[in-house]
Structures are given as structure tokens and as C-alpha cells.
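Beneath this line is the structure, given in C-alpha cells, with notes to follow.
Nothing here was measured: the structure is a model prediction, and the numbers come from that model. Count residues from 1 along the sequence. Below, each value reflects all heavy atoms present in this structure, side chains not excepted, and no hydrogens, waters or symmetry copies.
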Amino acid sequence: MGARPCWRRPQAPRPKITRVTTLNADLHCHSVVSDGTLTPEALAARASSNGVELWSLTDHDEIGGQARAAAAAEAEGMRYLTGTEISVSFAGKTVHIVGLGFDADDAALRQGLARTRGGRGERAREMSDDLARVGIRGAFEGALKFVGNPELISRTHFARFLVESGVCKDTNEVFRKYLTEGKPGFVPHRWATLHDAVTWITDAGGLAIIAHPARYGFTPNEEYALFTEFIAHGGRGVEVVTGSHSAQEATTYAGMAQEFGLAASRGSDFHSPDESRIDLGTLPDLPPALTPVWELLADRIR
Ligand code: AMP
Ligand code: MN
Ligand code: MN
Ligand code: MN
């Protein structure tokens, strides 16, 4: 048995987190437990030195890094929320739902995430076969060299292999030319349903949040359906300020948050010092009129 998970450790009461939109909260990033390149400890150190006060590690479909992240946050003097980013299929596209502040021991959540991860190995083999058809050989084995968690092989690992082997100059070029819909190496995949992802998070005591809504390219009708169905299932938040939103997009989704009565989240979506445009803790503040997700999660913050 390893150390007792720190979300179970009895704790002296800590002060309630400040309920203000100017808090330096970074509630979205990735470690080697999914498709980031830093360990949970290195991320915590980087977040702390960039001034983050409230942090969450949100690995894709995986919570295996939570105990390490929570312990590292405590060692760095940061407050912490448990986190994950669940892959969901909705209206023919992949949507990401961030969960924060859940009980990481919850059995249904753990089983749901394991099931969501389940198809990734087979998908990766098919991606490799697809790339071989355009002359790129050995992509499965090549991508595996970048994988930190054998259950979590992702397109990002293939992208790193294509850069390493000189096919593309950076990962952005990889996604533009390969691995996205209609391009070689893209394999459609069925992820969790929106209902299941939101239910796993909320039934485990957490808050479900629509990640980076500007990235999906939905029509207005599809986006309306996403927001209304998400709320009907119990979803409560939307990312407004994220590493992948422009200032204009942040303004748009601040308006959507108010229109739909959703709390607002803030997170860099940091993956790697070499790949991420926005560093941990360096985002603009949330617009002041919004309810920050950390206000709704005050009792779940460690
Ligand atoms: P997967 O879960 O295997 O489908 O991989 C999704 C991951 O690929 C995302 O979480 C991002 O890290 C990365 N990704 C997706 N699209 C892009 C893009 N256009 N540019 C850079 N990274 C991307
Ligand atoms: Mn990612
Ligand atoms: Mn995402
Ligand atoms: Mn992410």
C-alpha cells in the first residue's frame, strides 16, 4: 500500500478561499499522467513560482496523478482542487468536460474514466495504420516513446513523434496536416456521453465545466444544444478564460455564462514548456461580473 491519499487526510480547518474573480486560479493543465511533459511535482513548482494560488491538475480521462498533485500543491503552499478532463462525444465532435472538486475515491467516477480510457490503445494502432498509408511508418512505437501512462496514449504523443522524426516542424503543424478530421491519422472515436461525464463528476461531489467552448466549431444550434443539455444533466460551469481563447472569445463566453447562469472557470490548459503558448498562472483575470467556479467549490478546496 502506498501513502494514504491526501484527500482523506484529516485536516485542520483552513481559511475559505477568497471569493473574488482576481484570484490567481489555474484550473486546467496536464502532466505525464496524460499528455503533458512535466510531472505533477514539476507542474506544482512551476505554478507556484508563477504565482498560482489555487491549482488543479486535470489530466485527460485519468485521475492517477491526483494524490501527487495535491501533496505537491500543499508543499508549495497552494490551495488545491481535484481535477480531470473527460473526453465526450457530442453532435459528431469531441467535447471536453472538466471536473473539479470531486472525491477521487468515487467508484463510479473511477470506473467511468477507466472505460473512457479503454479504447485508446486500439485507436492508436488504427492511427498508426492510417499514417503508414501516407508513408509514415512506425508511428505507434514512435508515439509510445513519449507516453508516460500506457493507458493514455493520445494524439499529442503522435504529434511529438511526427515532430521528432522531422515530418513537421511543430505540433501545431502536425494537427493542421494530420490527426484531425479529414486528415491522415484521424480515427473517429466514441468517447463518453455528455450525460455520463457530467453525472460521474457531480455524483462524486464535483462540479462539471465545459472546457474551451470556442474550440469546437459548433453551429449556433449545436452550441445551444450543448449548453442546454449540459445544464439539464447537472453541469454548472464553463471555461471563459483559457489558454486557447482569444480575448474576443473570452468576452463571448462571459456573455454565454451569464445568459445560461453558469459559473466561470479559468485555466491555462498548459501541456509543456516547449509547446504551450500560455504558461501556468499567466492568464487574464475573469471578468468581474461572473461567478467564479471556486465560489461554488469553496467547501471542496483543500
Ligand atoms: P486525444 O485525446 O488523443 O484526442 O488528443 C487530444 C489532445 O490533442 C488535446 O488535449 C490537445 O492536447 C491536443 N490537440 C488537439 N488539437 C490540437 C491542435 N490543433 N494543436 C495542438 N494540440 C492539439
Ligand atoms: Mn491534451
Ligand atoms: Mn481539452
Ligand atoms: Mn486540456
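- Closest approach of Gly185 and Asp130 over heavy atoms only: N-OD2, 2.8 Å.
- The line from CG of Asp35 to CD1 of Ile153 is 11.5 Å long, rounded to the nearest 0.5 Å.
- Checking His233 against Asp196 by side-chain atom types alone, no donor-acceptor pair falls below 3.5 Å.
- Using a 4.5 Å cut-off on side-chain heavy atoms (C-beta onward), Ile86 and Leu113 make contact.
- Under the side chain to side chain contact (heavy atoms under 4.5 Å, CB included) criterion, Glu259 pairs with Met256, not counting sequence neighbours.
- Note: Phe102 CZ to Gln66 CD = 5.0 Å, rounded to the nearest 0.5 Å.
- Between Asp105 and Arg110 the shortest side-chain heavy-atom distance falls below 4.5 Å.
- Here the CG-CD1 distance, from Leu194 to Ile210, works out to 7.5 Å after rounding to the nearest 0.5 Å.
- In this structure, Met78 is not a member of the same hydrophobic cluster as Leu100, with clusters built from ILVMFWY side-chain heavy atoms closer than 4.5 Å.
- Pairing each heavy atom of Leu286 with each of Ala264, the nearest pair is CD1-O, 3.6 Å.
- A distance of 5.5 Å separates OG of Ser268 from CG of Leu283, quoted to the nearest 0.5 Å.
- The shortest distance between side-chain heavy atoms of Leu54 and Leu27 falls below 4.5 Å.
- The backbone N or O of Leu81 sits less than 3.5 Å from a side-chain atom of Ser56, completing a donor-acceptor pair.
- Listed for the Asn50 side chain is a donor-acceptor partner under 3.5 Å among the backbone atoms of Leu280.
- The side-chain heavy atoms of Trp200 and Thr116, taken from C-beta on, include a pair separated by under 4.5 Å.
- Although no hydrogens or angles enter the test, the distance criterion places no donor-acceptor pair under 3.5 Å between the side chain of Glu239 and the main chain of Pro213.
- Checked for salt-bridge contact, Arg68 and Glu41 meet the test: a charged N lies under 4.0 Å from a carboxylate O.
- Side-chain N or O atoms of Glu295 include none that pairs as donor or acceptor with a backbone N or O of Thr291 at under 3.5 Å.
- No hydrogens or angles considered: nothing links the side chains of Glu126 and His189 as a donor-acceptor pair under 3.5 Å.
- Taking 4.5 Å as the limit, some side-chain heavy atom of His96 sits within range of a side-chain heavy atom of Tyr216.
- Under 4.0 Å is where a charged nitrogen must lie from a carboxylate oxygen, and between Glu164 and Arg160 no such pair does.
- Val198 is listed as a side-chain neighbour of Phe230, based on a closest heavy-atom distance under 4.5 Å.
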Test side chain to side chain donor-acceptor pair (under 3.5 Å) applied to Ser87 and Asp61, step by step: CA-CA 7 Å; Ser87 312; Asp61 308 321; 2.9 Å; yes
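- Side chains of Ser31 and Asp59: a donor on one and an acceptor on the other come within 3.5 Å.
- Atom CZ of Arg236 sits in a sparse spot, with 12 or fewer heavy atoms from other residues, nucleotides or ligands closer than 6.0 Å.
- Under 3.5 Å, the side chains of Thr156 and Ser154 contain a donor-acceptor pair of N or O atoms.
- Atom NZ of Lys183 and atom CZ of Phe175 lie 12.0 Å apart (nearest 0.5 Å).
- Contact of the Tyr178 side chain with the Val167 side chain is registered, since non-hydrogen atoms from C-beta on lie closer than 4.5 Å.
- The backbone N or O of Leu109 sits less than 3.5 Å from a side-chain atom of Asp106, completing a donor-acceptor pair.
- With respect to the salt-bridge test (charged N to carboxylate O, under 4.0 angstrom), the residues Glu74 and Arg302 do not qualify.
- Nearest heavy atom pair, residue His28 against residue Val98, reads ND1-CG2, 3.8 Å.
- The shortest distance between side-chain heavy atoms of Val241 and Asp285 does not fall below 4.5 Å.
- Considering only residues two or more places apart in sequence or on other chains, Tyr80 meets the ring pair (Phe, Tyr, Trp, His ring centres under 6.0 Å) condition with Trp55.
- Ring pair His245/Tyr253 is parallel by interplanar angle, where below 30° counts as parallel and above 60° as perpendicular.
- In this structure, CG on Leu207 lies 9.0 Å from OG1 on Thr202, to the nearest 0.5 angstrom.
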